[in-house]
There are 2 protein chains.
Amino acid sequence: MSGGNTDLKNADLVIPKIPATAWAVLGILSFGRELTGYDIKNWSDAILHFFYWSPATSQIYTELHRLEELGLATSRTIARDDVREKTVYAITENGVTALQNWQADVNAEAPVLKHGVLLRVWLGHLAEPDRLREQILDHRFRLMEELDAAKDSSA
Amino acid sequence: MSGGNTDLKNADLVIPKIPATAWAVLGILSFGRELTGYDIKNWSDAILHFFYWSPATSQIYTELHRLEELGLATSRTIARDDVREKTVYAITENGVTALQNWQADVNAEAPVLKHGVLLRVWLGHLAEPDRLREQILDHRFRLMEELDAAKDSSA
DNA sequence: TCCTTCATGTAATAGGTTACATGATTTC
DNA sequence: GAAATCATGTAACCTATTACATGAAGGA
């Protein structure tokens, strides 16, 4: 603790303090493709949402602006068709470094689960058993659908 | 759809539009005990947090005020010791009805998981394998601790 | 012709955290 | 004598959602 003068082993100093959502968006960019905000929303819905929820579209644009301001991402405007344009974002070198440092940080926030169905099950003492069973089956059915959709999208 | 004039089968009309957190707090109250805001925070940390995250203390007091304003909960002041007082909350009949209606509602919000560790694993291409393994073991260790604590509290 | 996809954002509002403040009592 | 527990909130701030707005292209 009271060692030398360059005791800066800890990476905290080069990890900008931005919300986890920003890291998630930067993470999507870290796979190397140039993407529009719209693309990122679709990736979030399809993938991220399984382990880290999908932010609203407007939130994604907000995070992209933030990342660009911090120099963690860059944008450029390219043609969409003869008439219109679109803005694609890419991760920068600084972005990769920052993301790596964040990735390596042990102090990961405690996982948070917000499960409306489980919450309802926990309140099962207020429900008729048949109704509760129905709710769970309903949930199961929706999960299966989601699973199929996920399988399709990775095929 | 174009049936009779009292076509109010749907329970939506008697389910006040309050955030899920409010339902969770009311849910804790639905187990029948009179509790202080402080008590509820402890219950949240110990139980709720496994399937529905634990709100900040100040948030819990906010929700209690909201519930009382809507008549879903009542409060009364009782003695804490010779000098001080405390406010305990209880669910009302209206509260039970509302909670039952909410419980029975099929349109449960999609479950949301915010898992910082999984997010980091997903970004594994940025990490050294050993480091990543270490992170997962670390997470596992913390989970075990939590499990033990949970076992103790239910013993 | 109408709906869906692609694409980007603003404005209003709600939901939620952090920091701060206070203070008696009980336990170590 | 110090630290943890019990107990309740306010104020400042940030995070995030919803509603709204716009508009071309392409498929049904």
Side-chain angles (χ1 to χ4, degrees), chain A residues 16-26 28 33-46 48-49 52-70 73 75-89 107 109-110 112-114 116 153, chain B residues 16-26 33-46 48-49 52-70 73 75-89 109-110 112-114 116 153:
Chain A
K17 213 189 154 298
I18 55 179
T21 306
W23 293 117
V25 169
L26 195 58
I28 292 178
R33 286 189 229 182
E34 283 186 314
L35 300 169
T36 65
Y38 185 85
D39 292 333
I40 291 172
K41 173 59 176 164
N42 287 148
W43 280 74
S44 299
D45 286 346
L48 203 64
H49 119 270
Y52 205 87
W53 130 94
S54 195
T57 308
S58 60
Q59 186 65 17
I60 286 177
Y61 285 104
T62 303
E63 298 303 346
L64 283 172
H65 295 325
R66 188 205 306 256
L67 292 173
E68 190 167 26
E69 230 167 85
L70 292 169
S75 68
R76 65 189 187 99
T77 303
I78 62 172
R80 186 144 64 119
D81 50 48
D82 294 341
V83 189
R84 292 164 303 166
E85 300 184 317
K86 62 181 178 179
T87 307
V88 285
Y89 290 82
N107 303 115
E109 326 70 51
V112 172
L113 179 63
K114 281 197 189 187
S153 81
Chain B
K17 211 188 155 299
I18 56 180
T21 306
W23 293 116
V25 170
L26 195 59
R33 286 189 228 182
E34 282 186 315
L35 300 169
T36 64
Y38 186 85
D39 292 332
I40 291 173
K41 172 59 176 164
N42 288 148
W43 280 75
S44 298
D45 286 346
L48 203 65
H49 117 268
Y52 204 87
W53 129 94
S54 194
T57 307
S58 59
Q59 186 65 18
I60 286 177
Y61 285 105
T62 304
E63 298 303 346
L64 283 173
H65 294 326
R66 189 206 304 258
L67 291 172
E68 190 168 25
E69 230 167 86
L70 293 169
S75 68
R76 66 190 186 96
T77 302
I78 62 172
R80 183 142 70 116
D81 50 47
D82 294 340
V83 190
R84 292 164 303 167
E85 300 184 318
K86 62 181 179 179
T87 309
V88 285
Y89 290 82
E109 327 70 52
V112 172
L113 179 63
K114 282 197 189 186
S153 82

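From a predicted model like this one, the values you see are computed outputs, not experimental measurements. A note on names: the letters A, B, ... follow the listed sequences, proteins ahead of strands, and every chain is numbered from 1.
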Which comes earlier along DNA chain D counting from the 5' end, the contact point of A:Ser54 or that of A:Asp81, where each point is its nearest nucleotide?
A:Ser54
Heavy-atom pair of closest approach, residues B:Thr21 and B:Pro55:
CG2-CG, 3.7 Å
Tell me the closest heavy-atom pair linking A:Leu64 and A:Gly37, and the distance in Å.
CD1-CA, 3.7 Å
Could you state the atom-to-atom distance from CD of A:Gln59 to P of C:dT10 in whole Å?
13 Å
Assess whether a salt bridge exists between A:Glu109 and B:Lys114, defined as any Lys/Arg side-chain N lying under 4.0 Å from an Asp/Glu carboxylate O.
no
Which heavy atom of B:Pro16 sits nearest to which heavy atom of B:Trp23, and what is that distance?
O-CZ2, 3.4 Å
Could you say whether A:Pro19 or A:Val83 is positioned toward the 5' end of DNA chain D, judged by the nucleotide with the nearest heavy atom to each?
A:Pro19
Atom pairs, N/O to N/O, protein against nucleotides 3-7 of chain C, distance under 3.5 Å?
| from | atom 1 | to | atom 2 | distance (Å) |
| --- | --- | --- | --- | --- |
| C:dC6 | OP2 | A:Tyr38 | OH | 2.8 |
| C:dC6 | O2 | A:Arg80 | NH1 | 3.3 |
| C:dA7 | OP1 | A:Lys86 | NZ | 3.1 |
| C:dA7 | O4' | A:Arg80 | NH1 | 3.4 |

Length of the line joining A:Lys17:NZ and C:dA19:C1', which is rounded to integer Å:
12 Å
Closest heavy-atom pair and its distance - B:Tyr52, B:Ala24:
CD2-CB, 4.4 Å
I'd like to know if the side chain of B:Tyr61 and the backbone of B:Tyr38 have a donor-acceptor N/O pair within less than 3.5 Å.
yes
Can you give me the first and the last nucleotide of DNA chain D (5' to 3') that has an atom within less than 4.0 angstrom of a non-hydrogen atom in chain B?
D:dT5 to D:dA16
Quick one: is C:dT17 close enough that its OP1 or OP2 comes under 4.0 Å of any side-chain N or O from B:Trp53?
yes
Whole-Å distance between C:dG16 P and A:Glu109 CD?
18 Å
When you compare the side chains of B:Thr77 and B:Glu85, does any donor N or O come within less than 3.5 Å of an acceptor on the partner?
no
Closest non-hydrogen atom pair between B:Lys41 and B:Ile60, with its separation
CA-CD1, 3.5 Å
May I ask you to say whether A:Arg66 pairs ionically with A:Glu63, meaning some side-chain N is under 4.0 Å from a carboxylate O?
yes
Touch class at under 4.0 angstrom, heavy-atom based, for B:Thr21 against every strand present
sugar-phosphate
Rounded to the Å, how far apart are B:Lys114 NZ and C:dT17 P?
10 Å
